[in-house]
Structures are given as C-alpha cells and as structure tokens.
Amino acid sequence: MDKNTPYNLPIPVRRALRKLGQDIRDARRRRRIPSAILAERASISRTTLVKVEKGEPGVSLGTYATVLFVLGLTDRLSTLADVRNDPRGLELEEEHLPKRIRRPRSSQSPRHG
C-alpha cells in the first residue's frame, strides 16, 4: 500500500486483506483460470481483479464476494462474523448476564407489613 492511499487501516487489517488477495490469486491459479476469464465471469475489469488479488482495501466487499463466488469459495463468507465463530463476543455477553434471576412479584399478592 503506498503512502498516497487514503486508507489509514490498522496493520492487522492490511495483512488480512493482503492474505485474502494472495489466497484468491492462488485459488485462481490452482483452478487454471486465466485472469481475463475470472474478471469476465465476475463482471469486473482485469484492473479491478489485480486490485483484488493484491488485497487493496478500496475494492468493494461485493467485488471480493463475487470473485469468491466465481471461484466456488463463498460457503464460509456468510459465517465470518457468526456468533459461533466469536468466542470473545460470547465471553463478553456472558459477563453481562445476571448472576441470579428473580421471579417478578405478583401485583395481586398481599403484602405483609
């Protein structure tokens, strides 16, 4: 990513995008699909495909998803932020659960006093 790029992303995010791009490129090559064919099937330009394969952050999520679809790799896309894949979120949720659940008082029960 060059210094003129307007995206100020955390380093782990940049690395993850770069890895995604490399993985997409490797998947295309394993399938022996030329870049021109993949771009055509995804309805994008070859220039955009090059950006996807570099993991550039300015490319829309929809474009990444479409390229993954063309490669037959969308099965895990819908579970990226699934609750079952979010142990930290589950921990935080459990911290906010009440320790003890009390029955609500009935409004018709007589009060002693």
Side-chain angles (χ1 to χ4, degrees):
M1 206 158 126
D2 78 49
K3 60 186 172 200
N4 296 325
T5 304
Y7 302 102
N8 187 14
L9 300 175
I11 292 171
V13 172
R14 282 189 258 158
R15 285 184 185 141
L17 286 172
R18 196 174 313 123
K19 182 182 182 318
L20 175 61
Q22 291 168 351
D23 291 347
I24 287 172
R25 184 190 65 229
D26 293 345
R28 175 181 61 78
R29 288 178 173 173
R30 279 192 304 275
R31 289 162 176 72
R32 293 173 171 57
I33 301 173
S35 59
I37 299 294
L38 179 58
E40 181 181 325
R41 289 178 183 172
S43 299
I44 59 175
S45 68
R46 286 179 67 185
T47 304
T48 300
L49 180 59
V50 168
K51 290 178 181 182
V52 166
E53 291 185 349
K54 287 182 176 180
E56 290 193 14
V59 177
S60 76
L61 178 59
T63 299
Y64 279 100
T66 301
V67 170
L68 289 168
F69 171 76
V70 171
L71 294 170
L73 297 172
T74 52
D75 55 333
R76 292 176 295 172
L77 188 60
S78 64
T79 61
L80 282 176
D82 189 289
V83 67
R84 293 167 290 189
N85 298 330
D86 186 14
R88 180 65 183 139
L90 290 172
E91 284 176 21
L92 290 169
E93 189 175 73
E94 285 178 14
E95 288 176 10
H96 290 91
L97 290 176
K99 302 293 182 216
R100 187 171 162 193
I101 299 175
R102 298 176 191 220
R103 283 192 177 147
R105 288 187 174 181
S106 165
S107 61
Q108 297 176 1
S109 66
R111 289 197 123 147
H112 299 306

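As the structure is a computational prediction, the values presented were derived from the model and not from experiment.
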Restricting to non-hydrogen atoms, name the atom on [X] and the atom on [Y] that form the minimum distance, rounded to 0.1 Å.
| X | Y | result |
| --- | --- | --- |
| A39 | L49 | N-CD2, 4.0 Å |
| Y64 | L20 | CD2-CD2, 3.8 Å |
| A27 | L71 | CB-CD1, 4.1 Å |
| L38 | R28 | CD2-CD, 3.5 Å |

Heavy-atom count around [X] [atom1] within 6.0 Å, excluding the residue itself: above 12?
| X | atom1 | value |
| --- | --- | --- |
| I11 | CD1 | no |
| Q22 | CD | yes |
| R31 | CZ | yes |

Residues in salt bridge (charged side-chain N to carboxylate O under 4.0 Å, His left out) contact with D82, at least two apart in sequence or another chain: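 R84.
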All salt bridge (charged side-chain N to carboxylate O under 4.0 Å, His left out) counterparts of K19, not counting sequence neighbours: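 With neighbours one apart ignored, the set is D23.
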Do S60 and T63 pass the side chain to side chain donor-acceptor pair (under 3.5 Å) test, and can you show the C-alpha distance, the side-chain angles, and the key distance before you say yes or no? CA-CA 5 Å; S60 76; T63 299; 2.9 Å; yes
Enter the distance from L68:CG to I24:CD1 here, rounded to the nearest 0.5 Å.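 That separation rounds to 4.5 Å.
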Value rounded to 0.5 Å, distance of NZ in K51 from OG in S45: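 Reported value, rounded in 0.5 Å steps: 7.5 Å.
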Using a 3.5 Å distance criterion without hydrogens, assess whether the side chain of [X] forms a donor-acceptor pair with backbone atoms of [Y].
| X | Y | result |
| --- | --- | --- |
| N85 | T79 | yes |
| R14 | L9 | yes |
| R41 | V70 | no |

Residue pair R88, E91: steps toward the side-chain contact (heavy atoms from CB on, under 4.5 Å) verdict: CA-CA 5 Å; R88 180 65 183 139; E91 284 176 21; 3.1 Å; yes
